[in-house]
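Just so you know, residue 1 is the first one in the sequence shown, and it goes up from there. As the structure is a computational prediction, the values presented were derived from the model and not from experiment. We count ligands from 1, going down the list as the structure has it; atoms in each ligand are counted the same way.
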Amino acid sequence: MEILVSPDPDRTAERAAEAVLSGLARTHSGDPVLGLATGSSPLGLYRALGRAVDAGRADFGTTHGVALDEYVGLPPGHPEGYRQVLLREVCGVIGLAPERLEVPDGSAAGSAALEAAAAAYEARIAELGGVDVQVLGIGANGHLGFNEPGSALTSRTRVKRLSARTRRDNARFFTGLDDVPTHCLTQGLGTILEARRLVLVATGDGKADAVAAAIEGPLTASVPASVLQWHADTVVCLDEAAAAGLRNRQYYDDSAAGLPEG
Ligand code: GLP
């Protein structure tokens with residue numbers, strides 16, 4: 001793992017954007033595939049990618065976007081459904097074509113239809129040639145996507161129940177807790193692990209415990225983000241507040257400084 005700690009959220013976002021662009025630059029022969037997380041954590045990263053586009057250093061015209069997850073049961077077009085969120089916060093910002101945005105179909109009704117939607121999503125990712133770079137945030141309880149504590153480390157896209165903590169955390173986007181969906185479709189941890197590069201962004205002291213557990217704790221389904229330790233190309237971009245619980249901080253800073261001159 002590469003652990004990059006920056007003084008503030010803006011610099012964190014810039015470094016995460018560089019990790020995304022360098023990961024996409026060395027991709028397979030097909031169109032690039034960028035995995036997209038929702039939440040507040042990656043917003044600065046998406047804006048930094050937008051600035052790279054404006055400066056002529058990046059172009060997402062042929063890129064496919066693949067969402068990590070989607071709520072189950074929201075009416076199509078609901079402003080807090082992740083399709084709408086990603087259209088607003090990513091497509092419009094980096095110039096990703098809406099028709100190239102893939103989101104699990106959370107409007108499917110009933111468990112058989114949702115299982116079929118999950119299988120179709122896995123098939124679509126495979127058809128695109130897999131995800132080149134997956135952007136990730138981390139839940140305060142250590143979740144990745146909507147893989148709540150207890151998620152199998154090898155899990156695939158499936159229906160998950162949202163934890164009470166996650167529903168409370170996300171209630172700010174809805175009129176009240178009762179309006180937050182109880183279930184979601186999420187890429188599994190095994191699905192996420194197949195992306196060629198993972199770029200996790202976390203800022204603020206509310207994430208410090210989850211970050212420390214994910215990076216320096218044991219690999220365990222109880223902290224789904226600890227699965228990052230299993231991936232050979234993970235870049236973790238943190239600000240000082242989110243890095244506050246790390247014990248091996250000096251080593252990460254030394255490593256990030258690179259090889260000595262000469
Ligand atoms: C949401 C998303 C995750 C996201 C997380 C953290 O519920 N499903 O993909 O990483 O919660 O969100 P935030 O970045 O707003 O703290």
Test item, Q187 contacting ligand 1 (heavy atom, 4.0 angstrom): no
Which atoms of ligand 1 sit under 4.0 Å from any heavy atom of N170? 7 (O)
Between R165 and E148 (salt bridge meaning N to carboxylate O under 4.0 Å), is one present in this structure? no
Assess the pair Y71 and F173: is the distance between their ring centroids shorter than 6.0 Å? no
Option of least heavy-atom distance to atom 2 (C) of ligand 1 (set: G145, G137, A37): G145
Write down the atom of G245, the atom of A208, and the distance for their closest heavy-atom approach. N-CB, 4.3 Å
Please report which non-hydrogen protein atom sits nearest to atom 16 (O) of ligand 1, along with the residue it belongs to and the distance in Å to one decimal place. K207 NZ, 2.6 Å
Are R100 and D31 within salt-bridge range, i.e. N to O under 4.0 Å? yes
Which residue owns the protein heavy atom closest to atom 8 (N) of ligand 1, what's the atom, and how far is it? D69 OD2, 2.9 Å
Considering non-hydrogen atoms only, spot the tightest contact between A210 and G139 and give its length. CB-O, 3.5 Å
Kindly confirm or rule out an N or O of H143 lying under 3.5 angstrom from an N or O of ligand 1. yes
For atom 6 (C) of ligand 1, what's the nearest protein heavy atom and its distance? I138 O, 3.6 Å
Does ligand 1 come near enough to G139 that some N or O of the ligand is less than 3.5 Å from an N or O of the residue? no
Please report which non-hydrogen protein atom sits nearest to atom 4 (C) of ligand 1, along with the residue it belongs to and the distance in Å to one decimal place. T38 O, 3.8 Å
Could you tell me whether E122 and R158 have a side-chain N and a carboxylate O separated by less than 4.0 Å? no
Nearest non-hydrogen protein atom to atom 12 (O) of ligand 1, with distance, is G39 CA, 3.9 Å
Could you tell me which atoms of ligand 1, counted from 1 in the order shown, lie closer than 4.0 angstrom to a heavy atom of F146? 7 (O), 8 (N)
With ILVMFWY side chains joined below 4.5 Å, transitively, what does L246's cluster contain besides itself? M1, I3, V5, L68, L136, I138, L144, L153, L189, I192, L193, L198, L200, V211, I215, L219, V227, L228, W230, V236, L238, Y251, Y252
Report the part of Y82 (side chain from C-beta onward, or backbone N, CA, C, O) that has a heavy atom under 4.0 Å from ligand 1; answer both or neither where that applies. side chain
Just to confirm my output: which protein heavy-atom neighbour is closest to atom 14 (O) of ligand 1, and how far is it? S41 OG, 2.5 Å
As an exercise, identify every atom of ligand 1 less than 4.0 angstrom from a heavy atom of R172. 15 (O)
If the threshold is 4.0 Å, N to carboxylate O, is there a salt bridge linking E80 and R172? no
Distance-only, no hydrogens or angles: does the R168 side chain make a donor-acceptor pair with backbone N or O of L177 under 3.5 Å? no
